[in-house]
Each structure stands twice: as C-alpha cells, then as structure tokens.
2 protein chains.
Amino acid sequence: MRTDERIALAMAELLRRQGYAATGINQLARAAGAPTGSIYHHFKGGKREVAAAALRQTGAAYIQLLPLLLDPHPDLATGVEAAFAAAARDMESTGWANMCPVGVVTAEIADVEPELREIAAEVMQVWVEEGSRYLAGRGLSEQEAHTVIHALLAALEGAFVLARGMRSAEPFLAAGRTLAVYVGALEAAEAAAGPAATAGAAGPAGPGPATGTGRPPTAGRA
Amino acid sequence: MRTDERIALAMAELLRRQGYAATGINQLARAAGAPTGSIYHHFKGGKREVAAAALRQTGAAYIQLLPLLLDPHPDLATGVEAAFAAAARDMESTGWANMCPVGVVTAEIADVEPELREIAAEVMQVWVEEGSRYLAGRGLSEQEAHTVIHALLAALEGAFVLARGMRSAEPFLAAGRTLAVYVGALEAAEAAAGPAATAGAAGPAGPGPATGTGRPPTAGRA
DNA sequence: GTCTTTCTAGAGAGACCTTTCTAGTCGTGC
DNA sequence: GCACGACTAGAAAGGTCTCTCTAGAAAGAC
C-alpha cells in the first residue's frame, strides 16, 4: 500500500472517531506509520488536504454500498429496512464508533473550514445523484427517488449520531422501519398503477395529479 | 444575565458552529465577555464542564420545542411536516449554521471525551422519553410513539448535517414528508379502529396480531 | 465602618500544535 | 559508477492551547 494512501486512510479512521480539529498531524503520522515530513511531501496543503482526500475516498466508498445492500432484496422496502439493520450491527460491532467521516466533519467545522465543507457538499451531491438514479432504476419516479434518497441519507446520518451517543441500535431500526413503510407504500402504488407507468411515461408527474406532492396515495391522512 | 449563564450560552453557540475541539477557552472568554479566570471560577472542570452545562441547557430547550411546534396542528402528520419545514427555514436564516450542539459534540468526540458522551446520552434519553410521552398523548400507541420519536430525532439530526453541508432545505423537507406519511398512516389506522383502542387497551400488541412489528396496516407492502 | 465571600481580571507556565527545514536513503536511468 | 528525483526521517521554530496563580473589585453581614 502506498504511503499517501495509508495516510489518507488513517486520516479517515481518525476523522470517524474524533473529528477534524482534535486530530493532530503527529497523531496522524503515528497512525499511518509515516513521519511528519512524508505527510507534507504527499499533501502540500497539510492537514486540510489530507482530510479532503480522506473525505473524497470515504464518500465514494459509501455510495457503493447502496446497490450492494439493496440489490439482494427484490422489494426495496425490505432492502431498506435490512440495510439500516446492517448499519446498526456494524456500528455496534465497532463499539458505536464507526461514524461516517463526512457527517462528522460537516457537523463539526462547516463554518470554520469552508474548503472542507465544499468537498463534503460535493460528496453528498454525488450520494444524492447516484442514489436517486439507483432508486429510479428500482422503479421509483424521479421525484420520489429524490425524496427518498434525501430522507434516507438524513435518517442514516442522524442515526449514526444518536446511536453513537446512546449506544443503542434503536435509532437505526426505527429510521429503517419508517422509511421502509414509506417506500413500501410507493411500491404498492406503482404495482397497482401497472408496470406500464414505470416502463413507459415515468415522468415527474407521478401516479396521478391528485398526489402532486409526491405522497404515496395509499397512505392517506385523516 | 449571570456570568456563568453567559459563559454556558456562549459555549453552546460556539459548539453549534465549530464543535468542541476547535473551541478554545480564550475564544469562549471573548465570546462571553468574561475573562479566562471567571470561566475557571464558575466551572472548576474547565472547558469540559462548560460544554457539559451547555449541552444540558440546549438539550432541555430543544425538547420543549416539540409540543410548541406540534400542538397547533390538530393532526400529527401535518404537524411533523410543518415542524421540519420550520427547522429548514431556521437553518437557512442562520446561514446553514444553526446545528444542534448535542449532535455536533456527539459526532465529534464521543470516543475521546467519554464524560461528554454520557451527558449527550442523558440528554438524548430525555428527548426520547419526553418525546414519546408527548406522542402517546397525541394518540399513538406506546410502541409506535417510541419508534416515531427515534426516527424523528434521527431524521432531524441527520437533516441538520446534510443541510449544513449542501446548504439546502431538501433533507429537511424530504425527511419531514416521509415521517408525516408514516405518522398519517398510523393516525388513520387508529381512527379506523375506533377511539376505544386508544383510550382503552392500548397495549404493546398494537392494532392487531398480524401487524405485530408495529407497522401501520394501511401502508401494506407488496 | 470592617470583615468575609464571591467574582472579575489578566499575566504567565508549560505543553502541544502545525508547518518548515535540512539530511539522509532508496530506486532507477544511463 | 554516477546523477537525480522521490521519498523518508525527525529536529526545530513559532504560535496557540489549557489551566494556574495572584491581585483587586463588588456585595452583603454585622
């Protein structure tokens, strides 16, 4: 493994656990098994640039998990619930420490480090784009895919935070369940409207003009 | 306003914007308009103790918003969606900076500062307890109230993070919508089962044995 | 008034941080 | 063999951080 890769990886791991400000260059050097000088050789921009590389790397890796976790499940709703349960197990097995570095850094220093905030925004934008493309491929309308991926990412990042604080899987399980119900209702509506609506004119108009807000029509409100 | 209150308040504000590690005692002193010595006079435990006070204060204030935001809406689903929309507006009006300090600190240094993590956990536990009590008072079963409050808090904290990074209200709006649909389906089911089910034997068994997982029965899955 | 407690005020100590800088080592092309 | 770029190695500079310490002001009891 190349030294610069080792450095970025070690940074990602440290960001996960203690954030940006608390992570020092010397600590990073120890963690990566590299001297201080090497860090500045590979990353002229210093700590900030290492963090940027770590964020990009982690971001790309995270979004690849989406198809990996959802493809095995023929219906999306079950897949979503299973994915959140898997995330919960992963968190627990790492002692509730395995946060998403992108979320940590964004929460921590979005105002103080505008450059890193921009990189985090790019990463998140990719999540939204690739995620909604995947969901659209699974039969959701473009508009609904957009809504679901935003809600899913928000629920996931928030569940990380709550689970980490409370050391409990509950936030993941509850978030997974509510999202699964939402997605399940969407799928049921699509199925009821017939597969032509999906394969054919799956425009942003959705299932019908009466539900223009993008709500699943089966889950009516009082 | 007392000096110690001013210090804790300034700390909360700094935690919101730049997290714990990046916030220095001198910066805190400047922000609070108090000399360094005063901080250590009022908070013998130093920076950590100030942060602890700030977290407790903010946590208590946050959960009071729940009834304030939801009471005006006769049905819970509309209220939830409106509350998320309000949070989005608030974030935007502060330049996407108005994070929840509890979430920031938890994400940032849960591993490095176990004492603060425990306080964050206490605060979150109170959120869950008071929140689910409120939701149960609004007609949800105890089990569903528990699920909804966890999902709601996760979605909220996550939406803070995503919105802050992307500078977009979308995460709030999407999270609000999915949760509103979930809660709306619950309310519809309760109404269909008759008000006796709420006032009477609203045990953990839920609306029926076939939906023992706590899912709203109207939002069926394919 | 005087005593006592509480709080304000900021200088200073000692540790740690990021970054720079100088040497030295390894590997490759000729 | 020799030169040269890429990289390793860590010491040192200069700054900032947390926390301690001493001195003085304000407020209340008597």
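Naming convention: chains lettered A, B, ... in sequence-line order (proteins, then strands); numbering from 1 in each chain. Predicted model only: the values in this text are computed from it and were never measured.
- Residue pairs meeting the side chain to side chain donor-acceptor pair (under 3.5 Å) criterion with at least one partner in residues 24-41 of chain A, sequence neighbours excluded, are Gln18(A)-Gln27(A).
- Partners of Asp4(A) by side-chain contact (heavy atoms from CB on, under 4.5 Å), not counting sequence neighbours, listed by chain and number: Arg2(A), His42(A), Phe43(A).
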Between the protein and nucleotides 9-14 of chain D, which nitrogen or oxygen pairs come in under 3.5 angstrom?
{"from": "dG10(D)", "atom 1": "O6", "to": "Gly37(A)", "atom 2": "N", "distance (Å)": "3.4"}

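- Glu49(A) pairs by the salt bridge (charged side-chain N to carboxylate O under 4.0 Å, His left out) definition with nothing, not counting sequence neighbours.
- Glu13(B) is linked by a salt bridge (charged side-chain N to carboxylate O under 4.0 Å, His left out) to Arg16(B), counting only residues two or more places apart in sequence or in another chain.
- Atoms CD and CG, from Glu81(A) and Leu76(A) in turn, are 12.5 Å apart once rounded to the nearest 0.5 Å.
- Using the six-membered ring where Trp is involved, Phe172(A) and Phe84(A) have ring planes that are tilted, between 30° and 60° apart.
- Distance check: Ser168(B) OG to Leu173(B) CG gives 7.5 Å after rounding to the nearest 0.5 Å.
- For the segment residues 106-116 of chain A, the set of residues with a heavy atom within less than 4.0 Å of an atom of DNA chain D is empty.
- Legend: side chain to side chain donor-acceptor pair (under 3.5 Å) pairs involving residues 114-125 of chain A, not counting sequence neighbours, sorted by first then second residue: Arg56(A)-Glu122(A).
- The span of DNA chain C lying next to chain A, judged by atoms under 4.0 Å from heavy atoms, is bounded 5' to 3' by dT18(C) to dT20(C).
- Residues passing the salt bridge (charged side-chain N to carboxylate O under 4.0 Å, His left out) test with Glu92(B): none are found, sequence neighbours excluded.
- Between Met11(B) and Leu55(B) the shortest side-chain heavy-atom distance does not fall below 4.5 Å.
- Contacts between residues 21-32 of chain B and DNA chain D, defined by a heavy-atom separation below 4.0 Å, involve Thr23(B), Gly24(B), Ile25(B), Asn26(B), listed by number.
- With sequence neighbours left out, Glu113(B) forms a side-chain hydrogen bond (donor to acceptor under 3.5 Å, both in side chains) with Arg48(B).
- A distance of 4.0 Å separates CD of Glu108(B) from CD of Glu108(A), quoted to the nearest 0.5 Å.
- Near-neighbour residues of DNA chain D inside residues 42-54 of chain A, defined by a heavy atom below 4.0 Å, number-ordered: His42(A).
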